[in-house]
Protein chains: 2
Amino acid sequence: MSYCDTCLVRNSAICAALDSNEIEALNSIGRRRHLEPGESLVWEGDQSVLVANVIEGMLKLTTGTEDGREQIVGVVYPADFIGRPFGATTSHSITALTSAHVCVFGRADFDRFAAEHPALEHKLLTRTLEELDRTRKWMLLLSRKTAEEKVATFLLEMAERLANTACEHSDGKNSAGHFELPFTRQQIGDILGLTIETVSRQMTQLRRDGIIDLPTRREVTIRDHGALEAIAG
Amino acid sequence: MSYCDTCLVRNSAICAALDSNEIEALNSIGRRRHLEPGESLVWEGDQSVLVANVIEGMLKLTTGTEDGREQIVGVVYPADFIGRPFGATTSHSITALTSAHVCVFGRADFDRFAAEHPALEHKLLTRTLEELDRTRKWMLLLSRKTAEEKVATFLLEMAERLANTACEHSDGKNSAGHFELPFTRQQIGDILGLTIETVSRQMTQLRRDGIIDLPTRREVTIRDHGALEAIAG
DNA sequence: CGCTCTGTTGAGAAGACTCAATGCCTGTGG
DNA sequence: CCACAGGCATTGAGTCTTCTCAACAGAGCG
């Protein structure tokens with residue numbers, strides 16, 4: 001009996017490119033692993049020894065300077081693929097933001113398996129291309145947008161991301177204009193390339209302007225979506 | 001007679017994954033094209049109708065805000081692959097920085113060809129993964145490094161890039177510590193997320209400190225490589 | 001109830017930007 | 001051959017944004 005039969009992301013992860021026999025074969029080289037919030041799966045600069053599918057939870061990809069400045073270079077969600085196949089080292093750390101479940105493969109095993117299954121590689125390629133598009137779009141934000149624009153852009157993106165998941169879970173928390181932030185202010189700062197104080201100030205300003213509301217620290221209500229988009233630029 | 005027989009990048013572009021029959025087939029769907037400096041091959045937001053290999057010259061990938069702020073999200077060199085296969089739209093413009101030759105394919109033709117040649121897709125995948133690594137590393141620079149660190153990092157990277165090409169061309173211009181900048185100050189600013197004035201000031205400061213020399217506007221000599229690395233962080 | 005962790009707010013400093021003036025090449029035409 | 005225009009680069013002065021440092025407030029928890 002394969003883990004995959006009950007896998008939540010069976011049909012949306014890269015595994016969707018495989019038939020049931022192939023899934024069985026992939027399953028035999030993988031294993032499930034649980035991560036506590038804050039626990040890391042790989043560290044920046046490490047030998048790339050493992051790759052994984054995210055089954056549940058959220059993880060951050062980070063890189064940093066020697067003197068401790070950190071930048072989040074990506075956030076991954078269920079069904080996303082993580083790790084660096086076909087390469088010697090990992091260019092970023094991977095750390096759980098929430099409690100998370102991943103499906104881990106030894107990199108060498110995975111590389112070998114992928115080489116024999118072009119459909120899997122194709123899926124991996126299209127995902128990598130999409131990720132590259134997203135990353136490049138983020139570069140513009142990091143380098144050219146003001147703090148106000150960054151925070152507005154971030155809130156819009158979170159609203160969109162979480163509106164999708166709301167449909168699945170139907171927990172009522174995340175509707176069109178209201179959602180629960182899955183990040184601390186520090187993490188938002190690390191994503192946007194700002195300090196925690198600047199993030200806080202911009203959020204307060206948007207609340208004062210009546211564009212958003214902050215019922216609690218972790219909740220956000222978008223009161224004027226158009227205005228937020230205008231600010232995001 | 002195939003163009004490919006005389007292609008300068010035949011063995012380093014993704015074409016290297018193909019045997020001579022396959023190259024012939026790929027050649028039949030591609031054509032050469034010349035670009036003048038400043039001429040664009042694709043525009044941000046366009047339908048993705050073509051992809052290409054760079055044969056000669058340098059091109060920039062850019063994205064921008066509505067109000068005209070621009071960010072260079074990548075620079076490509078001979079043998080690099082450009083364009084967005086397997087996707088509807090292009091997330092960035094591609095513009096020649098120098099006079100350039102590219103080998104262009106219709107995207108639909110290329111997608112079809114790639115689907116039938118897993119070795120080509122594999123090569124494309126590894127390249128895309130490398131590009132993603134580079135791009136993420138650049139995010140840290142854009143968001144967390146100071147102007148001084150940015151310029152130092154840029155000069156080191158250029159020195160390394162151009163040292164490699166020096167071996168091929170042996171024109172004597174680009175040795176370990178000396179090279180000719182292929183960018184204007186404005187372009188350097190667009191790459192580093194700085195204004196032209198800030199770039200200029202940082203370069204001047206590095207010259208005053210005796211770390212680099214600037215014999216002409218376009219030439220750079222690195223006098224103290226270690227110091228430059230220390231500054232780059 | 002007090003402790004800790006996270007977030008908010010304020011004051012001042014520092015870095016980068018804007019605007020403006022000047023300098024230096026290159027190429028063109030007299 | 002020289003003068004001059006136009007583009008690029010440098011330099012300076014002043015402003016604005018964001019960061020830093022520091023104090024304080026509020027939520028969650030033992």
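First the proteins, then the strands, lettered A, B, ... as listed; each starts at 1.
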Nucleotide nearest [X] when distance is taken to its side chain, options [options]:
X: A/T198; options: C/dG23, D/dC19, C/dT6; value: D/dC19
X: A/Q202; options: D/dT18, C/dT8, C/dG7; value: D/dT18
X: B/L194; options: C/dT18, C/dA16, D/dT20; value: C/dA16

Which part of the nucleic acid, if any, lies within reach of A/G189 when heavy atoms closer than 4.0 Å are counted: base, sugar-phosphate only, or nothing? nothing
What does A/T216 touch in the nucleic acid at a heavy-atom separation under 4.0 angstrom: a base, only the sugar-phosphate, or nothing? nothing
Using modelled atom types and a 3.5 Å cut-off, is there a donor and acceptor pairing between side-chain atoms of [X] and backbone atoms of [Y]?
X: B/E148; Y: B/I231; answer: no
X: B/Q202; Y: B/V199; answer: no
X: B/R144; Y: A/E70; answer: yes

N or O in side chain of A/T195 less than 4.0 angstrom from D/dT18 OP1/OP2: no
Output yes when at least one side-chain N/O atom of A/S200 is less than 4.0 Å from OP1 or OP2 of C/dG7, else no. no
Between [X] ([atom1]) and [N] ([atom2]), how many Å, whole number?
X: A/F183; N: C/dT6; atom1: CZ; atom2: C1'; result: 17 Å
X: A/E219; N: D/dG26; atom1: CD; atom2: C1'; result: 15 Å
X: B/R217; N: D/dA9; atom1: CZ; atom2: P; result: 6 Å
X: B/R69; N: C/dC17; atom1: CZ; atom2: C1'; result: 12 Å
X: B/L181; N: D/dC8; atom1: CG; atom2: C1'; result: 13 Å
X: B/L192; N: C/dA16; atom1: CG; atom2: C1'; result: 13 Å
X: A/M203; N: C/dT9; atom1: CE; atom2: P; result: 11 Å
X: A/L214; N: C/dT6; atom1: CG; atom2: C1'; result: 14 Å

Expected list for residues 135-158 of chain A near DNA chain C, using heavy atoms below 4.0 Å, is none
Less than 4.0 angstrom from a charged side-chain N to a carboxylate O is my criterion; do [X] and [Y] meet it?
X: B/R84; Y: B/D46; answer: no
X: A/R33; Y: A/E39; answer: yes
X: B/R69; Y: A/E149; answer: yes

Ignoring hydrogens and angles, does a donor from either the side chain of B/R185 or the base of D/dC8 sit under 3.5 Å from an acceptor on the other? no
Any N or O donor-acceptor pair linking the side chain of B/R201 to the base of C/dG15 at under 3.5 Å? no
A/F81/A/F105 aromatic ring centres below 6.0 Å: no
Bend angle of the helix from C/dC1-D/dG30 to C/dG30-D/dC1, from helix axes over five pairs at each end, nearest 10°: 20°
Are A/E219 and A/L214 close enough that some pair of their side-chain heavy atoms sits under 4.5 Å apart? no
Does a side-chain heavy-atom distance below 4.5 Å link B/V75 with B/M58? yes
Checking A/L50 against A/V42 for the side chain to side chain contact (heavy atoms under 4.5 Å, CB included) test, could you report, in this order, the C-alpha distance in whole Å, the side-chain angles of both residues, the deciding distance, and whether it holds? CA-CA 8 Å; A/L50 50 83; A/V42 307; 3.7 Å; yes
Would you mind telling me which residue lines up with the more 5' stretch of DNA chain D, B/I196 or A/E197, judged by nearest nucleotide? B/I196
